[in-house]
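A short worksheet on the structure shown next.
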Amino acid sequence: MKVGAVAIGGDNPIAIQSMTNTPTTDICATLAQIERLREAGCQIVRVAVPDEPALAAFAALVAGTSLPLVADIHFDYRLAVGAIERGAAEVRINPGNIGGYNHVREVLTAAAKHGTAVRIGVNSGSLPHEVRTRFGAATPEAMVETALLYRREMQDMGFSNLIFSLKSSDVQATIRANTLFSAQSDYPLHIGVTEAGTLLRGAVRSAVGISVLLANGIGDTIRVSLTADPVEEVRVAKEILASLNLGRKQLRVVSCPTCARTSPELIFIAETTENNLEEFNDLPLKIAVMGCSVNGPGEARDADVGIALAASGAVLFRGGEAVELVPLSEAAARLTQEVRVLAASLTK
Ligand code: SF4
């Protein structure tokens with residue numbers, strides 16, 4: 001299936017999603033944020049459409065970006081139909097809160113007419129009362145039961161351009177729900193740990209949940225949910241995919257964990273180098289920043305460019321050879337300069 005120009009599911013690469021947090025009616029700010037997300041590597045952007053003014057703005061957002069937009073709709077099916085008519089590549093609905101069978105049918109009819117994908121979002125916080133009562137709590141099994149119930153309804157209505165998501169703020173529940181559901185369904189899955197938290201905690205919780213699923217072949221699109229700038233969500237998502245060798249090749253800075261053998265300067269050198277090299281993130285380069293002569297020369301030789309600290313300064317390595325001794329205070333700048341030269345030769 002496709003969400004805009006992005007092919008989803010099967011052997012297609014895992015797509016990265018994020019969601020804007022500017023007011024949807026602020027078209028300039030939202031388009032600027034979408035552009036920042038695109039530059040960071042985001043491929044699909046979800047936008048909340050909570051009311052009529054947001055729906056009016058949504059058309060301008062679709063016109064103003066090349067990325068496929070997903071309209072996030074709750075409660076009012078007319079907003080979903082309106083977003084589809086205004087060019088949404090996908091609408092995300094929860095059939096349980098959109099007003100019943102007939103309203104869902106109206107959304108699907110519009111989606112079928114316009115070729116729009118529909119994401120069925122099952123969230124542990126909003127399961128149907130009957131299912132929740134039957135299972136006693138919002139268990140992973142209850143989430144799966146809900147997703148299967150919605151799937152039956154969609155299929156009865158003859159609609160199959162579907163993506164499912166089963167999300168919980170509990171990492172284990174997210175893993176279990178998606179694992180159980182994927183064993184019973186071939187529809188593409190959007191995965192993520194919802195309400196994961198602020199940058200550090202949220203990144204770790206998301207990485208654990210998403211990675212376990214992806215490593216088991218489950219998941220077609222991902223969102224890292226953070227209480228932070230959405231661009232951070234994309235950065236974390238890219239790191240998750242790169243860690244599993246699933247993403248596009250990208251720049252990787254290998255840096256030692258530090259110990260008593262190195263200078264305290266090393267952390268500063270590693271962080272400064274990483275920040276300096278952000279513009280080259282899309283290049284498939286390996287850069288090493290190592291603290292001493294134990295593992296340093298080996299890792300630095302193995303990298304495209306690297307440094308290994310020594311008693312008298314930092315030894316610069318290029319293409320596997322030690323080429324220069326640099327004062328510690330200049331190490332980050334010299335390493336950056338070396339990568340710039342290499343990047344220029346690659347992008348010629
Ligand atoms: S490379 Fe050297 S400084 Fe870094 S952790 Fe290993 S032994 Fe310690």
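All ligand and atom numbering here is 1-based and tracks the order in the structure. We use all heavy atoms of the structure for the numbers below, so side chains are in, but hydrogens, waters and symmetry mates are not. What you see is a predicted model; the values in this text were computed from it and never measured. Note that the numbering runs from 1 along the sequence shown for the chain.
For the residue pair Asn94 / Ser126, a side-chain donor-acceptor distance below 3.5 Å is found, with atom types taken as modelled. With 3.5 Å as the limit, one finds a donor-acceptor pair spanning the side chains of Ser165 and Arg119. There is a side-chain donor-acceptor pair under 3.5 Å between Arg334 and Gln337. Side chains of Arg86 and His114: no donor on one and acceptor on the other come within 3.5 Å. Thr20 and Gln33 are not linked by any side-chain donor-acceptor pair at a separation below 3.5 angstrom, with hydrogens and angles left out of the test.
At the top of the distance list for atom 8 (Fe) of ligand 1, counting protein heavy atoms only, stands Cys259 SG, 2.3 Å. Of the protein's non-hydrogen atoms, Asn295 ND2, 3.9 Å is the one closest to atom 6 (Fe) of ligand 1. For atom 3 (S) of ligand 1, the closest non-hydrogen atom of the protein is Thr262 CB, 3.5 Å. The protein heavy-atom contact nearest to atom 7 (S) of ligand 1 is Arg261 NH1, 3.3 Å.
Residue contacts to atom 4 (Fe) of ligand 1: Cys256 brings an N, O or S atom closer than 2.8 Å. Checking Cys292 against atom 2 (Fe) of ligand 1, an N/O/S atom falls under the 2.8 Å cut-off.
The aromatic rings of His103 and Tyr77 sit parallel, their planes meeting at an angle under 30°, below the 60° perpendicular limit.
Looking at Thr258 against ligand 1, only its backbone comes within 4.0 Å, counting heavy atoms.
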